[in-house]
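Residue numbers begin at 1 in each chain, while the letters A, B, ... track the order of the sequences. Computed from a predicted structure; not experimentally measured.
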Number of protein chains: 2
Amino acid sequence: MANENKITLAGLAKLASVSTSTVSRALNDNPLIKKETRERLQALAKEHNFSLNRAASRLRTQKTNVVAVILNLTDSTDQSISDPFLLKVVGDLNQELNQMGYELLLSNSLMATEDWANYFISSSRADGIIVIGQGKSTDNIEKVANSGAPLVVWGDPIGLSNYSVVGSNNELGGYLATKHLIEGACKNILFLGDPEHAEMSERHKGYIRALTEFNLDVRRNLTLSCDITSKAAYDKIAAAILEKGLFFDGVVATSDMVALGALKALKERYIGIPSDVGIVGFDDIAMAELLHPSLTTIKQDTKSAAKIMVQQLVKQLNGQAAQSTVIDIELIERNSSRTH
Amino acid sequence: MANENKITLAGLAKLASVSTSTVSRALNDNPLIKKETRERLQALAKEHNFSLNRAASRLRTQKTNVVAVILNLTDSTDQSISDPFLLKVVGDLNQELNQMGYELLLSNSLMATEDWANYFISSSRADGIIVIGQGKSTDNIEKVANSGAPLVVWGDPIGLSNYSVVGSNNELGGYLATKHLIEGACKNILFLGDPEHAEMSERHKGYIRALTEFNLDVRRNLTLSCDITSKAAYDKIAAAILEKGLFFDGVVATSDMVALGALKALKERYIGIPSDVGIVGFDDIAMAELLHPSLTTIKQDTKSAAKIMVQQLVKQLNGQAAQSTVIDIELIERNSSRTH
DNA sequence: TTGAAAGCGCTACCAA
DNA sequence: TTGGTAGCGCTTTCAA
């Protein structure tokens, strides 16, 4: 079925009685080659099922047309690997990279080496790196940045960094979520999430800003630190209620998955949503509108984010400087919170 | 910050006053080289931040150590791209591939070319291909199989195929889901899903088998054909009820996301779950146990599946034949169905 | 508009 | 246990 020996560019050249230069140019659509010749050779290549050997052309051109995408996981729990939001970002990046002629090499921070620039760039595995999530420590990311490798990070674009960060306006998101609950007459609003995380800490700042602005007592700290998984949120809420009763009437969750965990813990205790407790999530994953009650949340526009991340990376691949970019967020009002 | 010119293996050899052969062997941990020499050279490489150029070694060895993973999407809706189950499979494959020394090149079926073997294998982009999902047509997959390229497919392992398929026992899953509802006293059980899909059609067979076995009337066909997305399921259920009222008391959903859409449509109409209608999903995505009520479902063991898929692929990469494998499934009883 | 030829950086055969 | 060296398949400079 398969042809005997894989044909090479040289073989194709012989078949067509032209030089390898000509075939190479023709297959790369180089306008130097007469259009007829180009088309003839392209047809011949297709006929013989020939594809350029990328290993060879990468070696020769010193360019891979591959981008490494690193899921920067905080811990190794299954849950965080499969957060639909992160995976959605990967999917959108894949689309966008393909469109720009790049392939996506998927990786995660649990890999053996910590020297990402060396592993991916020096070794010619990829031309650039996109890191999804700043995690709790940005050491590895900074190492890449210092190496000068093309790099874009999905994270918090507000804080200072010497590399290009694309991310939502997390502070504003936290603020809007909290304000929305306050305007729905919530008085004791819980912040549920991990303030050590760069992005989450910004959301927390927004939460504090809203409380302050509306003269709610900030000192009674209703911040419940918890990992960014549904399970952790579920456990935290359950434990908190067991210990202190229902001491809150609103929850600002740091992600939709966290909100989901909280929602379950509350519903199991027959606490009315939103009548007793209003909840706002963050991300707007597909599931948010399908929950019952549907989840009010802060939507992150992953499509635009992916487009901009790729743009910023391509800029660097072309030797230009890249900036950090703030992506607009939007409050999506649904049924898990009272309207005002 | 970065060293002037990127150092090569030859440069390193000169520095160490040994031959390039020795350095190459040392860095590849070849036991031919004396242990001391090996360690000395590895240390030197680390010190100079040297990584082997993969483009070069791939060209030389004709091996990439890369596996292309193709998400075989049925349509281009955002929803199906972001089905948490598919993405979970990708995540598990990534872990497993890394462990075996392979990298994961992520792709999807929306790419320009349809000749996957040519694009990935002939071009030396990857050594093998894993396709996630058989979709409605297996034409592209069969083309790869016929080319002789190493290939493993996540799909329905029961039906005949001339390539290695790894997948759950879908027929049994459909059967168990249906039986469970029947034993919970459901009399009119809806099958919600797309029977054109290879995997879904097996689940449908299991559904029919259970109905038959328990003497329920199979002729009154309660199969509601619907795309594998929450949105589609939601719309279908809503439309069906509008037209015919609540003519069913059980739903076998073809995936958890489909179950989620059905759940929402029912709850919005104040239909009790499981008192009025019992629901069983398929997949056991993370969210299933966090829904309210938590979702009874057929668990697919993606961890084992990923391990076996990689094993079967590696077999082929080593020139051995690979088989299809059936992964065990398990009914996870939760609160969306009545217990018996 | 096309061709000749050098060489990208590595590996593995053969020799020592 | 180590070294010399050919060559993987392509691109691109220089020449025609």
With no hydrogens and no angle check, is any side-chain donor or acceptor of [X] less than 3.5 Å from a backbone partner on [Y]?
X	Y	value
B:N72	B:G133	yes
A:Q312	A:S324	no
A:R54	A:T64	no

Q | 5' priority, DNA chain C, between A:R60 and B:R60 [closest heavy atom] | A | A:R60
Out of [options], which nucleotide sits closest to the side chain of [X]?
X	options	answer
A:V18	C:dG3, C:dC10, D:dT1	C:dG3
A:K34	D:dT2, C:dT1, C:dA12	C:dT1
A:T22	D:dG9, C:dT11, C:dT2	C:dT2
A:L52	D:dT11, D:dT2, D:dT5	D:dT11
A:S21	C:dC8, D:dT12, C:dT2	D:dT12

Measure from [atom1] on [X] to [atom2] on [N] and round the result to the nearest Å.
X	N	atom1	atom2	answer
B:I7	C:dG9	CD1	P	12 Å
B:L9	C:dA12	CG	P	12 Å
B:L32	C:dA15	CG	P	16 Å
B:L59	C:dC8	CG	C1'	9 Å
B:F50	C:dC10	CZ	C1'	9 Å
B:R54	C:dG9	CZ	C1'	12 Å
B:K14	C:dG9	NZ	C1'	14 Å
A:N65	D:dC10	CG	P	16 Å

(Q) Less than 4.0 angstrom from a charged side-chain N to a carboxylate O is my criterion; do B:R38 and B:D29 meet it? (A) yes
If you compare every side-chain N and O of [X] against the phosphate oxygens of [N] (OP1, OP2), does one of them come in below 4.0 Å?
X	N	answer
A:Q62	C:dG9	yes
A:S57	D:dC10	no
A:N53	D:dC8	no
B:T37	D:dT2	yes

Q: Would you indicate what A:S124 reaches in the nucleic acid, counting non-hydrogen atoms under 4.0 angstrom: base, sugar-phosphate, or nothing?
A: nothing
Q: Check every strand shown and say whether B:T8 touches a base, only sugar-phosphate, or nothing at a heavy-atom separation below 4.0 Å.
A: sugar-phosphate
Q. Just by distance, with hydrogens left out, do B:K315 and B:Q323 show a side-chain donor and acceptor under 3.5 Å apart?
A. yes
Q.
With a sphere of 6.0 Å drawn around NZ of A:K46, does it hold more than 12 non-hydrogen atoms of other residues, nucleotides or ligands?
A. no
Q) Do B:R25 side-chain and D:dG3 base share a donor-acceptor contact under 3.5 Å? A) yes
